[in-house]
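Computation of the quantities below employed the complete heavy-atom set of this structure, encompassing side-chain atoms and omitting hydrogens, waters and symmetry-equivalent molecules.
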Amino acid sequence: LKFISVKRSRRLNIIDAEKYNQLPHSSLHHLMDNFLLNELHKFDKVTLLNDICSELIEDHIQSLQTLDFRILKSSISPFIINKVRQLKNNNKTLIGLCWQSSLESLGRNQHYFMLADMAPLFKLENVIFVNLQYDSYKEIEQIKKIYNKVLVDTNIDLFNDFLGSCYLMQHLDIIVSVGTSVLELAGFSGTKTFALTNHFSFKPRVQKDNRDLWFPNIKYVDEMTHLS
């Protein structure tokens with residue numbers, strides 16, 4: 001494979017405009033610049049990766065139905081193994097929660113909720129709620145005061161330790177997550193997951209039964225005021 005460097009831009013300005021003035025349509029600056037366009041002219045045929053994926057998607061979905069990926073304890077630190085064991089020993093339903101991200105912008109914020117928006121969940125009995133995100137300690141304290149519910153913080157490095165986070169997720173009973181990387185990792189874990197998002201970018205992934213296109217264990221919630 002030969003990779004070609006290309007400068008893409010979300011917005012055009014007078015300084016960068018000359019890098020895109022040969023494109024057949026102005027909206028293509030999201031995908032390419034003049035240099036890439038000229039490189040494409042050297043080939044007889046061009047296809048997009050999306051077109052290739054569309055040819056392979058049925059086989060991919062079928063393979064997911066039989067996928068059983070389990071993280072071996074040998075690749076996980078004793079600290080994390082012990083934390084998960086302590087949670088399981090309570091013999092209660094374990095529900096992991098993720099409601100926002102530390103990365104905020106006008107577009108990203110459409111994915112997120114306040115923890116208080118998940119209030120119907122806190123009425124459930126015999127449940128332990130597990131925190132699946134970082135930097136939300138003020139909200140967690142508020143929920144403890146208002147609903148007398150504790151979100152367990154496992155002290156796992158949820159930002160950097162993907163294996164440890166996934167190992168934790170695989171030992172939960174249910175995951176509820178907004179549209180962040182936590183949702184993708186939850187899909188990979190195989191644990192039953194409910195996705196909370198109205199963002200347009202997820203629409204192509206939502207199937208007729210509200211299942212996710214890539215991860216059959218993810219189901220998108222229609223009415224997010226009836227989580228319980």
Would you say [X]'s side chain and [Y]'s backbone share a donor-acceptor pair under 3.5 angstrom?
X: Asn131; Y: Leu151; value: no
X: Asp161; Y: Asp157; value: no
X: Asn210; Y: Val206; value: no
X: Asn82; Y: Phe79; value: no
X: Asn217; Y: Ala186; value: yes
X: Gln170; Y: Gly190; value: no
X: Asn34; Y: Glu18; value: yes

Nearest-0.5 Å distance, [atom1] of residue [X] to [atom2] of residue [Y]:
X: Leu94; Y: His171; atom1: CG; atom2: NE2; value: 10.5 Å
X: Asn89; Y: Asn91; atom1: CG; atom2: CG; value: 7.0 Å
X: Asp153; Y: Gln133; atom1: CG; atom2: CD; value: 10.5 Å
X: Leu37; Y: Glu39; atom1: CG; atom2: CD; value: 10.0 Å

(Q) Tell me every residue that passes side-chain contact (heavy atoms from CB on, under 4.5 Å) with Leu185, counting only those two or more places apart in sequence or in another chain. (A) Ser165, Cys166, Met169
Are side-chain heavy atoms of [X] and [Y] found at a separation under 4.5 Å?
X: Leu132; Y: Leu97; answer: no
X: Cys98; Y: Leu183; answer: no
X: Ile175; Y: Ser189; answer: yes
X: Asp212; Y: Gln207; answer: no
X: Leu172; Y: Val130; answer: yes
X: Ile76; Y: Ile71; answer: yes
X: Ile95; Y: Asp173; answer: no
X: Tyr20; Y: Met32; answer: no

List the atom of [X], the atom of [Y], and the distance in Å for their closest heavy-atom pair.
X: Asn126; Y: Lys92; answer: O-CB, 3.5 Å
X: Phe194; Y: Lys192; answer: CZ-CE, 3.6 Å
X: Asp33; Y: Leu23; answer: O-CD2, 3.7 Å
X: Phe202; Y: Gly179; answer: CZ-CA, 3.6 Å

Q. Are the charged groups of Arg205 and Glu184 less than 4.0 angstrom apart, N to O?
A. yes
Q: Group every Ile, Leu, Val, Met, Phe, Trp and Tyr by side-chain heavy-atom contacts under 4.5 Å, then state whether Leu72 and Leu168 land in the same group.
A: no
Q.
Please determine whether the number of non-hydrogen atoms from other residues, nucleotides or ligands lying under 6.0 Å from atom CZ of Phe162 exceeds 12.
A. no
Q.
Quick check on Ile4: does its CD1 atom have over 12 non-hydrogen neighbours (other residues, nucleotides or ligands) under 6.0 Å away?
A. yes
Q. Step by step, would you call Phe35 with Val6 a side-chain contact (heavy atoms from CB on, under 4.5 Å)?
A. CA-CA 7 Å; Phe35 176 75; Val6 56; over 6 Å; no
Q.
Going by ring pair (Phe, Tyr, Trp, His ring centres under 6.0 Å), name the residues that satisfy it together with His29, two or more places apart in sequence or in a different chain.
A. none
Q: May I have the step-by-step check of side-chain contact (heavy atoms from CB on, under 4.5 Å) for Val176 and Leu196, ending in yes or no?
A: CA-CA 7 Å; Val176 180; Leu196 308 179; 3.6 Å; yes
Q: Report the C-alpha separation of Phe122 and Phe129 in whole Å, then their side-chain angles, then the decisive distance to 0.1 Å, and conclude whether the ring pair (Phe, Tyr, Trp, His ring centres under 6.0 Å) test is met.
A: CA-CA 9 Å; Phe122 302 129; Phe129 294 101; 5.2 Å; yes
